[in-house]
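Please read these numbers as outputs of a predicted model, since none were measured by experiment. First listed ligand is number 1; within each ligand, the first listed atom is number 1.
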Amino acid sequence: MNEGSTPVTQASRPLRISVIGTNYLGANTAAGMAEFGFDVIGVEIDENRVKLLNDGKAPLYEPGLDPLLKKHVDSGRLRFTSDYQEVGDWADVHFICVGTPQSDGSDAADLSQVHSVVDLLAPLLTRPALVVGRSTVPVGTSAVVEQRFHAEAPAGTGIEIAWQPEFLREAHGVDDTLHPDRLVFGVRSEQAEHRLREVFATPIAEGSPVVVCNRPTAELVKGGANAFLATKISFINALAEMCEATGADVSQLADALGLDQRIGRGMLNAGPGYGGGCLPKDLRAFMARAGELGVEEVITLLREVDDINQRRRSRIVHVTHELLGTDWVGRNVTVLGAAFKAGTDDVRDSPALDVAGRIQLHGATVTVYDPEAMDNARRVRPTLRYAASAQEACQEAHVVLHLTEWPEFRELDPVQLKSVVETPLMIDARLSLDPQAWRNAGWTYRAPGRP
Ligand code: UGA
């Protein structure tokens, strides 16, 4: 790690950390850094969000995050601002935690938020500092970002860029921040490595393994991890197609495969496929970057992963069609779940809402219920109907689709629910209800991938 060592400040006081961007990643990072004992300022251009955060409230539903924010806003160790001036010379380490969504009209990542951080922060950096990217970016981004800091910051080459990808899972963000299963430091100097070891001293002392590597490797670790997780999900969903053709049970198959420690049971739940703000867009950005680099074979592999994922959604619509018959007009379809997975209110690229929208396009009346994601769902799919409870959503339903695996759906009473629906048809796309209980209560129970 000795290509051109850049000075990194040695502060005698506790480290000061800025976290730029305070959505899911940034809010967790800022609260986590305060919990590690540092003085933290979160920078956010949205004034409303700054107010919310300064009251100790996260801008999204994430279990455990509000109490941690509140704890450190109250302790004085954490505050939020919309003013970059406040952090320019104040912080020793700046974390970039802005979003990198899919670009409009292409598979590539949209890096405009990362570049606007450079636009606003670089002119304010008059003393040496470490800037650490945590956003998920295409391989090669940190080098470009560093060139810009060197050219545009008064401290010039005194600014070093490291990349330290995050592996936070929504609904487990606080735990994954405080107790990471690994820390990847993509650095080009020993000083940067030492500074990152200082920042993450608490989890390192607890035993979190550290991988120190160059920056392209760190950038690829994140993209590669998400591409692999997506591949694993699509692999089991491809096997679900085999199960449907043969009468095999994909859940038992996954259990048996997962007992082989080389395979592992994680990410082997068959269902409506992966969604959310990460796996779908990261897989596509990975393919787009592979294309730019001329590594076409990677695209061939991952394109199929994406196609299998889309097929699962079509398959659920198809099974609904099989059960309802050809005429969908006047049919009531209940969709249980709107979030892309349980434990979050995030509906980005949610399989549940996608399937609900497709069924509505066929002419059915679709009513959705989700315990946490109703507001977000209404915003992105205003034409669907929404109910205040699972019970209400199921009134006079001709078919019920279980599309997000919230625990409360597993606790529904099939006997009681049968009395409110028009026809007792259940499509358990998450394969997590008890088939026997539903069948015993008189329901036609279908779970694609299970006999
Ligand atoms: C994912 C990764 O798991 C994190 O490690 C990563 O840090 C994060 O993206 C990110 O890039 O920031 P997340 O999007 O929160 O985290 O969700 P996952 O728990 O991975 O689930 C993704 C999707 O796959 C969900 O739609 C979920 O329902 C689906 N899934 C998951 C399955 O269909 N089967 C499974 O066995 C597991």
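Atoms of ligand 1 lying under 4.0 Å from at least one heavy atom of Glu170, given by number and element, are 15 (O).
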Verdict with supporting geometry, Asp307 and Arg303, salt bridge (charged side-chain N to carboxylate O under 4.0 Å, His left out): CA-CA 6 Å; Asp307 287 350; Arg303 180 69 63 203; 5.7 Å; no
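Note: Trp328 and His362 have parallel aromatic rings, judged against thresholds of 30 and 60 degrees for the angle between ring planes. Note: Phe36 and Phe38 have perpendicular aromatic rings, judged against thresholds of 30 and 60 degrees for the angle between ring planes.
Closest to atom 1 (C) of ligand 1 among all protein heavy atoms lies Leu279 CD2, 4.0 Å.
The shortest heavy-atom distance from Lys232 to ligand 1 is not under 4.0 Å. Contact annotation: Cys278 has at least one heavy atom less than 4.0 Å from an atom of ligand 1. The shortest heavy-atom distance from Arg430 to ligand 1 is under 4.0 Å. The closest approach between Gly275 and ligand 1 falls below 4.0 Å for a heavy atom of the residue.
Relative to atom 16 (O) of ligand 1, the option among Lys222, Glu166, Arg169, Arg265 with the closest non-hydrogen atom is Arg169.
An N or O contact shorter than 3.5 Å links Lys341 to ligand 1 by distance. No N or O atom of Pro351 sits closer than 3.5 Å to an N or O atom of ligand 1. Not one N or O of Gly276 is nearer than 3.5 Å to an N or O of ligand 1, by distance alone.
For the residue pair Ser142 / Glu219, a side-chain donor-acceptor distance below 3.5 Å is found, with atom types taken as modelled. Side chains of His318 and Glu322: a donor-acceptor N/O pair is present below 3.5 angstrom, by distance only.
You'll find the side chain of Leu25 reaches within 4.5 Å of the side chain of Arg134, heavy atoms only. In this structure, Thr29 and Glu166 have side chains that are not in contact, with every pair of non-hydrogen atoms separated by 4.5 Å or more.
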